[in-house]
Chemist: 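I'd like to ask you about the structure that follows.
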Amino acid sequence: MGSNSIVELQDVTKRYGESVVAVDAINLSVRRGEFLTLLGPSGCGKTTTLRMIAGLETVSSGKILINQEDVTYLPPYSRNTSMMFQDYALFPHMSIEDNIAFGLKMRRVPRDERLKKAREMLEFIQLPHIAGRKPNQLSGGQRQRVALVRSLILQPEVLLLDEPLGALDAELRRQMQVELKRNQQQLGITFIYVTHDQEEALSLSDRIVVMNGGRVEQMDTPKMIYEQPRTTFVASFIGRCNLRKGIAEAKEGRLVVFLDAVLGKFPAACFNGVEAIQPGQRIAIALRPEKIRIGREAENCQTKAVGILKYTGFLGSIVRIVVELAPGDEVVVESQALPEAQVGEKISLGWNCDDAIVLTENSGGDK
Amino acid sequence: MGSNSIVELQDVTKRYGESVVAVDAINLSVRRGEFLTLLGPSGCGKTTTLRMIAGLETVSSGKILINQEDVTYLPPYSRNTSMMFQDYALFPHMSIEDNIAFGLKMRRVPRDERLKKAREMLEFIQLPHIAGRKPNQLSGGQRQRVALVRSLILQPEVLLLDEPLGALDAELRRQMQVELKRNQQQLGITFIYVTHDQEEALSLSDRIVVMNGGRVEQMDTPKMIYEQPRTTFVASFIGRCNLRKGIAEAKEGRLVVFLDAVLGKFPAACFNGVEAIQPGQRIAIALRPEKIRIGREAENCQTKAVGILKYTGFLGSIVRIVVELAPGDEVVVESQALPEAQVGEKISLGWNCDDAIVLTENSGGDK
Amino acid sequence: MVEGLKERLGRIPLILTLALTGAVIYLPILFVVIFSFNSGRFQVFPLKGFSLVWYQKMLSDTAFMDALRNSVIVSLGVGVVSTIFGFLGAYSLVKAEFRFKDLLSTLLITPLAVPGVLLAISLRVYFYSLGWSFSLLTVFLGQLITNVPLALMVIRARLLQIPLSLEEAAWDLGAGRLRSLAEVILPMTIPSMIVSMLLTFTFSFDEFIIAYFLTQFELTLPIKIWANLITGYDPTVNAIGTIVFFLSLVIVFFGQRFILGKPYQKG
Amino acid sequence: MVEGLKERLGRIPLILTLALTGAVIYLPILFVVIFSFNSGRFQVFPLKGFSLVWYQKMLSDTAFMDALRNSVIVSLGVGVVSTIFGFLGAYSLVKAEFRFKDLLSTLLITPLAVPGVLLAISLRVYFYSLGWSFSLLTVFLGQLITNVPLALMVIRARLLQIPLSLEEAAWDLGAGRLRSLAEVILPMTIPSMIVSMLLTFTFSFDEFIIAYFLTQFELTLPIKIWANLITGYDPTVNAIGTIVFFLSLVIVFFGQRFILGKPYQKG
């Protein structure tokens, strides 16, 4: 692993008691200055991993390096990382400036100096007027910003963020996402970010680590994770997805001929290390709802199918359409416009072979 | 108001104490068999309105009619409405079948008969095996289904639903939305549905009542609400929206020439009873992010502008783009593809005059 | 919980603190237990030898057995009646809205803070003025005064936890006000009513000063013990003490889950 | 809350229930208050006339004033020391993980369920064996036994409410274990420590049986009242009772917000 990695996890495992394995021998190498997101459903081990890096959770086996130095057994107050907690963990009995200056107080910085620094931080987040307030007098967004600068005041090399936007409502969340990303780029600090929100992960991250059942499923850029998922779990966790299970019939280079129980044979594309598939093997393919064309637009597609229009849902900027291919076998399509057909009528579908992505089956896919 | 309306509210007002007006003289007429949604931010009075229809909240002034009959002063147990609560309100000490049969028990239906009916209901929601369980042994989705059939067992004419999917996670929520809509159509019952989730309201409702500050802002079909909002509040609450404030310069039929402080003059369209605008009046216009074209696509648009690309966020099926027109003046665009320009470079924007919607300013717009 | 930190820093001083607190509390009780099995007549070291003689003596003393029976009768009565009144009062306090509600809830709790001696005296005078004679009935009525507020507090805490929507759902499904109370609220309050009974039973069983002032011939157990000690030290008391102590332990063991709520859960 | 329903159905019977409960509890206390202002020597109706003579008598009786001073000294001591031990014990119980933790927490609470008479006797014998003489010090030590568990329960309830993340945040920002205890946990626990002091002060101030057995010449107020009554009825006691009752009312009024938690809030 390269010397430009700031945090390294080597075969890190966390067990609770005899039988529960929360994190299962994972390896990670975080690059200096990047925005890395640990993404997965609750219980996948992402928060445990973050807390082990912070020192708030012991490591059962394996090693954690920060700046090439082994910190596996260092307590949290001796590590040069800072953590932002989901509930912000602002001290309710202290004023905002005392909260922000807390880290400096622990380093025995004199009172005047640390309060001056805290005020600078409040200027940075454009909230100089709240210095004397208590945390319960702030709005959700203000708390979030205060927690951020409280973590930043010690100038950590790595900031660990545990679902820092989880407590905010949708609109504020979008605003804070943009702000967080901007701050990270301005300050050049490495962010390790935990979330279960795939949209958040896609829009913020330089790289995403998709976790499931204590293991890493895929680690890549957002675009690759979305467009070339490797497993059924990744495909269905990131964005909506139509998954079809069937058999690989034949293989021509990067293309596999897929045998679908309902649709018959059609070609599908392999990406990302799943090229080793052999004819006869049971595989799955993923079709993104927005990649499927309907009605007249379907005519030019490489693969075509016909079904019955079951449901049309207007969502404002897009229309969600459910098409039944066979009884109980439905495909979800997202389109810019309402379909020409009425509910109950026949409708044609189509897609191109690069939009039918071959996946390996895995345990996580049954979620 | 028509005789095909099943629920009617006439100048219904709810005051708490002297000064708090939760619901301010609203009039509503709910059609038999329709799926009507009360949509608005928390505190807009939507839940209070629902609870007044259920009889769980007294009416300060005005009248509520159900089937042309005045029920304003009837207690909840004497009204032919049923309510689904946000927390489901399943009785924790009773088995699932006893929960479902509770309404029949109150009507003194013999035990055998009512349990038979409860089992039929469990068949209907395809959960016959959970009859003997307790509510805390069920998953969120199962609880939701049980609460639904418990409300339906008395065959109410109107089902009142108070954010019934609020406690579920995103994926399950989408499934249950489709299921709820299907059940409503099969059973032909009138649904009055309360939510603060605009996507949910758009995809489920026949008509939406957008509420703000205890008043009705707009009442229309989802498509009209989204495409032809009447007020700044509706435009920004339903979907994302770029709002621009300026002055009406001139008027030609349905089109208004809008004077924007940054962009100069351009034409915008009036819909939905806002045509009474006079030249010189201060107005606002709404631009939907997905209606704005960028780069080469902008060339054919009726209105064009140039800005600097500030941020590109990949969200999977769409790309969110922020363009700065002037310092601190940003426009959000949603596109299918990544822009050709890099962050920091110039980029052109464009839209058609029917996509620039004239709004009236209102108090809610400052939110 | 940070396991790593704890292992390295925290555990030993914490346990020592607990052990010290425990020792301060339990040394005297241990004393009683030891001497209840000591064959000697006097409560001094060294011990004479193991013996069950005080237990035998206790069982054969009919006055002790009468006192025990009296105590159980009064305590059962206090437990049941306090809990009924406590439920009614708590339900009214939680559900009804009216002026001076805060003041009333203060007044209902205050008797817990009034010195027992004062209560006992005022009750004695009160019953005397009414022309009643002092008996188990007067003890029972006197103890109600401190135990009803206790029951009310315990049951009120539970009622506050029951979501309003449950009662509303019952109304919505056609249950009238009394019916929904019986079908929904009452069954859900039962655990706290059991706690209330355990607590008030124990408090009544242990109570000394009110019983002392309000009974004449029908002694309760604490009064009987006291009477025996006044007339000269009697090691039988150690045997009774040991038994009552272990009974208390059992009651607390079953009751604490309800009283303290859930202990801290990992994660 | 369904206001409509209430208005039509509920309010009156609920208030009647509360009024009845209140009356049962307060009639005897009212009696004491009335007679404290009665000029007559005997506690019988009809009243003789309004007078403050018993209050004057109380203030001029130095023995009463000595007892009051003794009570305040012991109660202050018990309040402060119980709260300190209670905090240490509660923190250890909440933060440390070890075997038999459940059993230990049961043992720490049990003394509350042991009859006071038994505790008093065992303590008397215990101190006697140690060769100590009986004084305010022994009363103080004896009362600690029931008040430390009480303080522990109150403070433990508060500690359980403090999110773990606060302490973790302090560690993360460079505070060691003791430092984060002092900077974060302790200040947040102060309200519950005040409640604990109020409660244990009151309990100690009101306590009779332990004080009775563990002191010889330095009487506390309840013992002094009792002694005066034993020798013949003395209406001065009514005056003291009235004052103590209203003091209790004030303490409960300020303490109840903390003890009961928030009352039910509309919405």
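Protein chains get the first letters and strands the later ones, always in sequence-line order, with residue 1 at the start of each.
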Chemist: Got a second to check how far A:Ser317's OG is from B:Arg288's CZ, nearest 0.5 Å?
Modeler: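 Going from OG on A:Ser317 over to CZ on B:Arg288, the span is 8.5 Å.
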Chemist: If you count heavy-atom pairs under 4.5 Å between each of B:Arg174, B:Gln198, B:Lys291 and chain A, which one has the most?
Modeler: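 That would be B:Arg174.
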Chemist: Take atom CD of A:Glu345 as the centre, draw a 6.0 Å sphere, and report whether it contains more than 12 heavy atoms from other residues, nucleotides or ligands.
Modeler: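 Yes, CD of A:Glu345 has more than 12 neighbouring heavy atoms, counting only those of other groups under 6.0 Å.
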Chemist: If you compare all heavy atoms of A:Leu315 against all heavy atoms of B:Ser203, which two are closest, and at what distance to 0.1 Å?
Modeler: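 Minimum heavy-atom contact is CD2-CB, 3.3 Å.
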Chemist: Is chain B contacted by the side chain of A:Gln336, its backbone, both, or neither, given a heavy-atom distance below 4.5 Å?
Modeler: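 It is the side chain, since no backbone atom gets that close.
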Chemist: Hey, what do you get for CZ (A:Arg182) to OH (B:Tyr311), rounding to the nearest 0.5 Å?
Modeler: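 Result: 9.5 Å between the selected atoms.
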Chemist: Go through the steps to decide whether B:Ser205 and A:Phe314 satisfy the test side chain to side chain contact (heavy atoms under 4.5 Å, CB included), and finish with yes or no.
Modeler: CA-CA 9 Å; B:Ser205 320; A:Phe314 179 78; over 6 Å; no
Chemist: Identify which part of B:Glu227 has an atom lying under 4.5 Å from any heavy atom of chain A, answering side chain, backbone, both or neither.
Modeler: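 For B:Glu227, the side chain is the part near chain A, not the backbone.
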Chemist: Quick one: what part of A:Leu338 sits under 4.5 Å from any heavy atom of chain B, side chain, backbone, both or neither?
Modeler: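 Side chain of A:Leu338 only, per the 4.5 Å heavy-atom cut-off to chain B.
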Chemist: Show, in sequence, the C-alpha distance, side-chain angles and deciding distance for A:Glu290 and B:Ile318, and conclude whether the side chain to side chain contact (heavy atoms under 4.5 Å, CB included) test is met.
Modeler: CA-CA 9 Å; A:Glu290 74 275 10; B:Ile318 56 165; over 6 Å; no
